Amino acid sequence: MKRTPNLGEKIKRIRSEKGITARFVANKVGISPSTLCKYEKNSRAIRAELLPSFANALGVDLQVFFEENVGETSISEPA
């Protein structure tokens with residue numbers, strides 16, 4: 001049975017697949033790079049109100065964060 005990635009892992013996977021730096025995402029979301037690192041490592045919970053900013057920074061639909069398998073979702077290039 002495959003483990004479903006948590007939200008932080010999904011953000012990191014999308015960011016890495018698109019070649020987007022952590023600093024870029026952190027700046028777009030309005031958080032520090034160290035906070036983003038904590039989110040991606042699941043050592044800090046992501047506030048729900050930040051999800052639209054993450055989606056915008058990564059150039060994805062918000063629903064991507066709620067799908068079971070990110071790899072099966074079409075991920076578009078950032079605008």
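Bear in mind the structure is a predicted one, so any value in this text is a computation, not a measurement.
Arg15 places a side-chain N or O within donor-acceptor distance of the main-chain N or O of Ile20, the cut-off being under 3.5 Å. Without hydrogens or angle criteria, Lys10 side chain to Glu67 main chain gives a donor-acceptor distance under 3.5 Å. Of the possible donor and acceptor atoms, one in the side chain of Asn6 sits under 3.5 Å from a partner among the backbone N and O of Gly8.
For the atom pair CD of Glu40 and CD1 of Ile46, the computed distance is 8.0 Å after rounding to the nearest 0.5 Å. One finds the CZ atom of Phe65 at 6.5 Å from the CG atom of Leu7 (value rounded to the nearest 0.5 Å). Atom CD1 of Ile14 is separated from atom CG of Leu58 by 6.0 Å, given to the nearest 0.5 angstrom. Between the OG atom in Ser53 and the CZ atom in Arg47 there is a gap of 9.5 Å [rounded to 0.5 Å].
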Take Phe66 and Leu51 through the test side-chain contact (heavy atoms from CB on, under 4.5 Å) and record every step on the way to the result.
-> CA-CA 11 Å; Phe66 303 99; Leu51 292 179; 3.8 Å; yes
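Within the structure, side-chain hydrogen bond (donor to acceptor under 3.5 Å, both in side chains) pairs that include any residue of residues 24-33 comprise Ser32-Ser34, Ser32-Thr35 (at least two apart or interchain).
For the side chain to side chain contact (heavy atoms under 4.5 Å, CB included) test with Phe54, the passing option among Val64, Val60, Leu62, Val29 is Val29; the others fail.
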